[in-house]
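To start, the structure under review is shown below, and the notes come after it.
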Amino acid sequence: MANEENKRSGLLIVFSGPAGSGKGTVLGRLFEMRSDCVNSVSATTRAPRPGEVNGVNYHFISEETFNNWISQDLFIEWDHHFKAYYGTPRQFVEENLNNGKNVILEIDDNGGLEVMKKMPDCVSIFLSPPSWEVLEARLRGRGTETDEQIASRMLKAKTEIKHMKDYQYIVVNNTVDEAAANISAIIDAELSKTARVFKDKVVNFDNL
Ligand code: 5GP
């Protein structure tokens, strides 16, 4: 049986999808459903959007601090897009995995592919919009970006969609509830994989 010494380690979940695919909303629903999942808060040098809170949506830091963190190897991965740096702080992820939490990294395809290479045991999920038209409408409807910013995000979205085949799972965001339920089902299936159950000694019948 699971016990304190053989505490399960959590799943590292790479979660990507083009800007406007609804990643934030779907994850919000998932966190309401599951207390065993936590969000890794990335660091970024971009300015906060209205309503975004430091330490919740991102750690909003200066370029100088970002470079310091890179040189101290404090990131699992980092990247530069939309004229800003984005990175995944290492310590939070490692501590939570050790505490049995499933840690969700909401990162772009480049960061996602890097994590898949460095940590092959991770679970990778791509959130797809139902169609290109829906994605465009959602991006424009957000109303937080200029036309130029929307155009650059649409361009990046095309490349990201081409990378969706590199992910283990694709969840289509038709509705928030359905997408969150599908992700939750993937997490349960992954936690039930024979290799993980044996590795974490969830059950132990060695005495038979
Ligand atoms: P936004 O500026 O819209 O919040 O994010 C822009 C892009 O940066 C999104 O595709 C988002 O997934 C990605 N992103 C957010 N955090 C990270 C991170 O820690 N690493 C990488 N590589 N990309 C990130």
Side-chain angles (χ1 to χ4, degrees), residues 12-28 30-31 38-63 65-70 72-94 96-97 103-119 122-129 132 135-164 166-167 169-171 173 179 183:
L12 179 63
I13 300 171
V14 171
F15 185 61
S16 305
S21 58
K23 284 171 294 185
T25 318
V26 169
L27 283 187
L30 182 75
F31 294 131
V38 292
N39 184 36
S40 151
V41 179
S42 297
T44 183
T45 60
R46 85 151 160 75
R49 295 197 190 106
E52 283 185 332
V53 178
N54 190 29
V56 176
N57 303 90
Y58 282 105
H59 301 289
F60 294 101
I61 61 176
S62 67
E63 240 179 82
T65 307
F66 201 99
N67 282 323
N68 277 336
W69 289 17
I70 294 175
Q72 292 174 65
D73 197 26
L74 296 185
F75 288 120
I76 290 182
E77 61 74 44
W78 61 271
D79 205 353
H80 184 258
H81 31 250
F82 309 126
K83 300 186 184 145
Y85 290 93
Y86 294 81
T88 307
R90 182 186 300 284
Q91 192 184 355
F92 176 91
V93 172
E94 289 178 352
N96 276 281
L97 289 177
V103 180
I104 313 229
L105 309 183
E106 186 202 324
I107 53 179
D108 77 324
D109 55 331
N110 288 328
L113 294 178
E114 201 177 322
V115 175
M116 289 178 218
K117 257 191 247 148
K118 283 187 187 161
M119 293 160 165
C122 73
V123 178
S124 55
I125 305 175
F126 191 93
L127 186 70
S128 173
W132 182 251
L135 181 72
E136 186 164 7
R138 281 183 187 164
L139 264 182
R140 291 191 186 285
R142 200 148 77 172
T144 49
E145 280 117 288
T146 63
D147 279 354
E148 193 196 338
Q149 283 171 326
I150 290 173
S152 109
R153 279 163 194 270
M154 297 294 286
L155 199 65
K156 183 161 162 52
K158 277 191 187 160
T159 321
E160 294 205 66
I161 283 171
K162 282 185 192 145
H163 276 152
M164 74 159 96
D166 297 318
Y167 286 70
Y169 298 94
I170 296 171
V171 171
N173 188 9
I183 294 168

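We count residues from 1, following the sequence as given. Whatever order the structure lists them in is the order used to number ligands and atoms, beginning at 1. Computed over heavy atoms, backbone and side chain alike; hydrogens, waters and symmetry mates excluded.
Each of the following atoms of ligand 1 lies closer than 4.0 Å to a heavy atom of Arg46: 1 (P), 2 (O), 4 (O). Of all the atoms in ligand 1, the ones that sit under 4.0 Å from a non-hydrogen atom of Asp79 are 22 (N).
Between the side chains of His81 and Asp108, at least one donor N or O lies within less than 3.5 Å of an accepting N or O.
Looking at atom 19 (O) of ligand 1, its nearest protein heavy atom turns out to be Ser42 OG, 2.7 Å. Closest to atom 2 (O) of ligand 1 among all protein heavy atoms lies Tyr86 OH, 2.5 Å. Regarding atom 18 (C) of ligand 1, its nearest protein heavy-atom neighbour is Ile107 CG2, 3.3 Å. The nearest heavy-atom contact from the protein to atom 15 (C) of ligand 1 is Tyr58 OH, 3.3 Å. Ranking the protein heavy atoms by distance from atom 21 (C) of ligand 1 puts Asp108 OD1, 3.4 Å first.
Residue-level proximity to ligand 1 for His81 is carried by the side chain, the only part with a heavy atom below 4.0 angstrom. Residue contacts with ligand 1 for Glu52 are absent, since no atom lies close enough (heavy atoms, distance under 4.0 Å). Contacts between Trp78 and ligand 1 below 4.0 angstrom, taking non-hydrogen atoms only, are absent altogether.
You'll find the side chain of Leu113 reaches within 4.5 Å of the side chain of Asp166, heavy atoms only. In this structure the side chain of His163 never reaches within 4.5 angstrom of the side chain of Phe126, judged on heavy atoms. Residues Val115 and Leu105 meet the side-chain proximity criterion, which asks for heavy atoms closer than 4.5 Å. Between Ile104 and Val38, the closest side-chain pair of non-hydrogen atoms is not below 4.5 Å. Using a 4.5 Å cut-off on side-chain heavy atoms (C-beta onward), Leu135 and Pro18 make contact.
Under a 4.0 angstrom heavy-atom cut-off, Phe75 registers as lying outside contact with ligand 1. Within the structure, the closest approach of Ala19 to ligand 1 does not fall below 4.0 Å when heavy atoms are considered. Distances from ligand 1 to the non-hydrogen atoms of Glu114 include no value under 4.0 Å. Residue contact annotation: Asn110 has no non-hydrogen atom under 4.0 Å from ligand 1.
When ring centroids are compared, Phe75 and Phe66 come within the 6.0 Å threshold.
The shortest N or O to N or O distance between Gly87 and ligand 1 is below 3.5 Å. Taking distance alone, with nitrogen or oxygen atoms compared against 3.5 Å, Lys156 stays at or beyond that limit from ligand 1.
If you run side-chain contact (heavy atoms from CB on, under 4.5 Å) between Leu127 and each of Glu106, Met164, Lys23, only Lys23 comes through.
Comparing Lys23, Glu77, Arg49 against atom 22 (N) of ligand 1, the shortest heavy-atom distance belongs to Glu77.
Using a 4.0 Å cut-off between charged nitrogen and carboxylate oxygen, Asp109 and Lys162 do not count as a salt-bridge pair. Salt-bridge check for Arg49 with Glu52: passed, with a basic side-chain N closer than 4.0 Å to an acidic carboxylate O.
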Worked verdict on Glu77 versus Thr88 for side-chain hydrogen bond (donor to acceptor under 3.5 Å, both in side chains)
CA-CA 6 Å; Glu77 61 74 44; Thr88 307; 2.5 Å; yes
